[in-house]
There are 2 protein chains.
Amino acid sequence: MSTSTSPKDRAAPLRADAQRNYDLLVAAADAEFTAHGADVPLEDIARRAEVGIGTLYRHFPTRDDLLAKVLTDGTAIILERGRELLSGSSPGEDLIQWIRELADYTATYRGLTAALANSYVSETGTRLCTSCDAISALGSELLARAQAAGEIRRDAQVVEIILSAHSAAWIGEQTKDPGAVRRLLAILFDGLRVVTPKPVSKPRSKRVKVRR
Amino acid sequence: MSTSTSPKDRAAPLRADAQRNYDLLVAAADAEFTAHGADVPLEDIARRAEVGIGTLYRHFPTRDDLLAKVLTDGTAIILERGRELLSGSSPGEDLIQWIRELADYTATYRGLTAALANSYVSETGTRLCTSCDAISALGSELLARAQAAGEIRRDAQVVEIILSAHSAAWIGEQTKDPGAVRRLLAILFDGLRVVTPKPVSKPRSKRVKVRR
DNA sequence: ACCTGAACACCGTTCAAGT
DNA sequence: ACCTGAACACCGTTCAAGT
């Protein structure tokens, strides 16, 4: 919540009133997203911030930019947690724990999962997407480590892992039943723990080259 | 595609022109949904059917009604398949196969998953929801049978099962990667196959009733 | 340099007028 | 009984005019 950094996170010196409006917008956005979900009319946010709608667009050209800003703290935390878990003692469970926390993060606002998933595969590199990239990078590391330790199935890829967390959160949004999320994740995790034996590399079996 | 039944599926005698418009609307809706996804402007559908927008609303008060109508055939098929599988030889795999087909069904139109999932938990009993009820009923049967056979974990519930299919389809929509869907389902299914041993019902262990 | 809000575009939904 | 499309509401986005 200590978010009075400037738009580009550089020390781009904003005029005093602009900085003030910027901060008001971020606070208003957080409040509105929390209260009415990630699809709340942008106009409502501007109104709450007591700012013209044009000002909102000036600072945040797209809704995703606003979402990304408001999620900054959460994103930092989930990334930090990932790094911590990366040096945990049980690679498989470390990955799993991270996914659990990722699902929570994804549920920050109602309707957020759709926005996140969209940006996750959108062509245009939005801000939200940038966070996603960092998150999948970390996911890759955690996954690779767990797979190397032979604790997680080798045919799993980051996309599914990450989007699984998303979809669990999505299911939570739809059903409003935290139990469903918990149970689904439990199934998923058990599935992830299933390790197919390494294809018995037949010691130099005479592979005959066949014609045609 | 043989869909010239009347709105309420009764022989409610529609006036000839009304029936014609109705059929045109269904055909147009199918075409538009296929081409532009489940969110296509209703106006586009009316235009393609060469019918006033009011006529569309008269026949289909909500977008869900239109979706439900256009999905009738698919819904019937998935239900029928479920019944077939119900008398399959391998309860666990029968359930799993059904989920696979359910995921396909859910992907009929781009953007359909969201609509389906929404209606799945919506309060107001829309048409779409009605289909969903039938589907979960069948899912319950398949699941119960598989669990009774000891082939599927006992803590799984229908909601997750169904919504898992939905979310797999959803992931397909997002990533446009059929491989991701396949891999996710594989993980999920392995998770479903994990059967925790029945809590060893200690043969009449002397359960002492404790005070307080 | 930044803010404002009117103006425009777009889509959903209703309803008075028509046949 | 049914159809039509103008009319209204709503939200996103832009931009000319203002400070």
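Residue numbers begin at 1 in each chain, while the letters A, B, ... track the order of the sequences.
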Name all residues meeting the salt bridge (charged side-chain N to carboxylate O under 4.0 Å, His left out) criterion together with B:Arg20; count only those two or more places apart in sequence or in a different chain, and write none if there are none. none
Test of understanding: with salt bridge (charged side-chain N to carboxylate O under 4.0 Å, His left out), list the residues that count as partners of B:Asp39, not counting sequence neighbours. none
Taking side chain to side chain contact (heavy atoms under 4.5 Å, CB included) as the test, write out the residues that go with A:Arg145, two or more places apart. A:Leu86, A:Pro91, A:Asp94
At a heavy-atom distance below 4.0 Å, which nucleotide of DNA chain D is the first touched by chain B, and which is the last? D:dA1 to D:dA6
Side chain to side chain contact (heavy atoms under 4.5 Å, CB included) partners for B:Ala29, two or more places apart: B:Phe33, B:Ile45, B:Leu66, B:Val70
Given Watson-Crick and G-U pairs under 3.5 Å, DNA chain D in dot-bracket ([ ] crossing, | other strand) is ||.|||||...|||||.||
Take the angle between the ring planes of A:Phe60 and A:Tyr22 and call it parallel below 30°, perpendicular above 60°, tilted in between. parallel
Listed by chain and number, what are the side chain to side chain contact (heavy atoms under 4.5 Å, CB included) partners of B:Thr34, not counting sequence neighbours? B:Asp30, B:Tyr109
Applying a 4.0 Å non-hydrogen cut-off, can you work out what A:Arg58 is touching in the nucleic acid: base, sugar-phosphate, or nothing? base
If you look only at pairs with a residue in residues 178-192 of chain A, which of them pass as a side-chain hydrogen bond (donor to acceptor under 3.5 Å, both in side chains), with sequence neighbours excluded? A:Arg183-B:Gln157, A:Arg183-B:Glu160, A:Asp190-A:Arg193, A:Asp190-B:Arg153
Would you jot down, in residue-number order, the residues of residues 35-52 of chain A having a non-hydrogen atom under 4.0 Å from DNA chain C? A:Val51, A:Gly52
Residues forming a salt bridge (charged side-chain N to carboxylate O under 4.0 Å, His left out) with A:Arg83, sequence neighbours excluded: A:Glu80
Would you list the pairs meeting side-chain hydrogen bond (donor to acceptor under 3.5 Å, both in side chains) in which at least one residue belongs to residues 48-57 of chain A, sequence neighbours left out? A:Glu32-A:Arg48
So, using side chain to side chain contact (heavy atoms under 4.5 Å, CB included) as the criterion, who are the partners of A:Arg63 when residues are at least two apart? A:Val40, A:Leu42, A:Leu67
